[in-house]
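Structure record follows, encoded as structure tokens.
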Amino acid sequence: MYDNEYFVVDMASCSTTGEIINSLSLALETMNRSGKKIVLKLNDIYLNQSQLLSLQSLITSWGCTLDTVETINRDTRAIAENMNIFVQHPLEFSQDSSQHSMSSDFKPFNMATKPSDIASGINSLHFEANLEAIQKELDEKPAIITRPKIEPEITPTPPIFEEEPPLEFKNVEKNSIGVYKKAYDENEILCDNWEEVDFYETPVDDPVISDTKKTTYINHTLRSGQILESDGNVVVIGDCHPGSEIRAKGDITVWGVLSGVAHAGFSSNINARVRALKLNAVQLRIGSCYSRRPDGTNIPYIIKSSIFTPEEARVVDGEIMLFKINQN
Amino acid sequence: MAGSVIVITSGKGGVGKTTTSANIGTALAHMGKKVVLIDTDIGLRNLDLLLGLENRIVYTIVDVVEQRCKLKQALVKDKKNPNLCLLAAAQTRDKSAVDEDQLKDICEQLKEEFDYVLVDCPAGIEQGFQNAVAGANEAIVVTTPEMSAIRDADRIIGLLESKEGLDKYRLLINRVRPKLIKSNDMMSVDDVVEILSCELVGVIPEDTNIITSTNKGDPVVNDENSLAGKAYLNVAKRIMGEEVPLLDIDEPQTLIEKIKKFIADKMKGLKK
């Protein structure tokens with residue numbers, strides 16, 4: 001049985017990856033506590049390696065770790081095992097949990113699956129963590145945790161830089177914006193030889209925004225000319241087309257291809273990060289560091305590939321570097 | 001001596017204003033002139049893409065106007081040619097973000113430092129056009145040999161004539177297809193000049209290299225083999241005041257025609 005360190009997220013009723021990421025994000029947001037080990041209940045859902053990796057990276061971005069995956073799908077099991085994630089069969093668990101549930105008289109309920117349900121604020125979770133506390137809450141309140149509807153803050157003509165003084169360049173020459181580099185070999189085959197980069201171990205002086213309520217979720221594609229501004233973190237479920245711009249005080253996570261301009265840690269936090277399934281950004285800006293895409297590396301027509309390399313950009317020695325997101 | 005401000009306009013969209021701006025700008029810079037290109041198509045910018053400078057833009061013309069940066073900071077230098085600079089448009093705003101006086105002011109400032117200030121005008125005759133024309137003392141009207149484009153060009157010429165401070169306007173005919181002109185399916189260059197009764201600055205043939213160069217972000221004048229590139233180089237020379245004869249854009253089609261043309265060229269050479 002899972003103890004207080006664990007947090008169980010039930011995904012069994014989700015069918016698309018969009019729903020999964022939505023449910024997971026909501027669950028993580030509601031939890032509002034970092035350092036937890038996450039248990040994903042996937043039941044029969046098939047996830048390929050890149051999808052699982054992305055889920056893992058999302059969880060990591062909330063300061064938690066993906067500890068256990070519960071699945072009856074053989075392929076998912078194999079992939080998870082390959083990634084050194086602990087895999088458990090739900091049957092073994094359910095026997096355990098049924099006893100537990102009966103003893104505490106707790107009935108698990110399913111995750112909301114339809115995006116409309118989520119949007120209207122109906123959000124139900126399967127908590128195994130603080131059973132007693134939740135039991136109390138259940139007695140007092142109906143079993144619905146309501147949440148204010150998130151309004152996407154897309155403004156075509158936003159007041160920008162109003163309070164901030166204009167960013168002065170260290171170098172006067174504009175052409176001196178450096179190119180962002182990849183910290184890994186692109187031609188390397190994805191499944192073999194994961195690079196061991198323990199970048200989460202480095203102490204952080206200026207932590208990224210941990211108040212999870214300050215996270216903006218956008219559930220659609222950002223198109224050219226659209227600006228997304230946020231005082232907290234930003235999670236975009238969709239692509240960010242060239243000409244779009246994201247400016248956040250915290251982290252930026254894009255569940256898709258990031259091709260626009262992304263400014264994380266606006267305007268001084270160089271510990272912020274930018275993550276995406278594919279980082280093809282015209283410009284990456286983290287805090288006061290600016291970098292541009294190397295010339296001739298644009299991918300104008302996205303080659304539909306099942307192998308996405310989830311990437312993360314962060315500042316190393318004053319330069320923005322791209323890292324493959326690996327298990328840690 | 002202050003440089004000249006040339007606006008490149010057309011009225012109709014899709015006739016090749018931006019391509020023309022990028023190529024003339026690059027050609028002038030090749031010939032040692034200091035050139036700055038201003039994109040005034042705020043909200044639908046493309047000039048940066050054609051020059052392959054998309055990833056270098058930090059500040060735009062709107063930032064300059066709203067005084068978030070200095071004018072010099074917003075100028076993006078070309079990758080290959082240090083004589084060429086770009087002042088990019090903002091993608092996240094619209095035409096109303098800038099007004100005529102502000103653009104006029106920017107043109108005045110840039111004129112002092114550069115030999116040529118080329119202003120890429122948006123399609124239409126609204127605010128965007130008024131802005132682009134405000135600071136110009138010369139204009140190039142781009143048209144194609146189609147009735148609709150010529151009508152719009154005529155309207156534009158009318159507006160330019162009533163503009164104070166603009167003392168010269170010339171016509172550039174784009175996307176000419178000699179084969180269609182021969183078979184009488186397209187208006188000839190002379191027809192167009194006659195209809196618009198306007199001085200000609202150049203004739204650019206239809207060229208498939210334009211498409212590849214746009215996608216690559218490398219102006220076609222950098223390609224020595226391209227006919228359109230040569231034509232644009234000639235246009236640049238004419239802008240600088242040289243007298244250059246119109247490029248022979250008649251491409252021989254059949255083998256016999258090719259031989260005829262070859263012999264004719266030889267004969268010309270002998271006569272000289």
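Chain letters run A, B, ... following the sequence lines, proteins first and then strands; every chain starts at 1. The figures here come from the full heavy-atom set of this structure, side chains too, leaving out hydrogens, waters and symmetry mates.
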Q) Just wondering, do A:R292 and B:L53 contact through their side chains at under 4.5 Å, heavy atoms? A)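 A side-chain contact is absent here, since even the closest heavy-atom pair is not under 4.5 Å.
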Q) Side chains of A:E245 and B:Q91: does their closest heavy-atom pair fall under 4.5 Å? A)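 Side chain of A:E245 against side chain of B:Q91, heavy atoms only: no contact under 4.5 Å found.
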Q. Could you give the distance from CD (B:E54) to CG (A:D295), rounded to the nearest 0.5 Å?
A.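 Between atom CD of B:E54 and atom CG of A:D295 there are 10.5 Å.
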Q) What is the minimum heavy-atom distance between B:V58 and A:R285, and which atoms define it? A)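 For B:V58 and A:R285, the tightest heavy-atom pair comes out as CA-NH2, 3.8 Å.
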Q. Has B:K104 got more than 12 heavy atoms of other residues, nucleotides or ligands less than 6.0 Å from its NZ?
A.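 It does not: B:K104 NZ has 12 such atoms or fewer within range.
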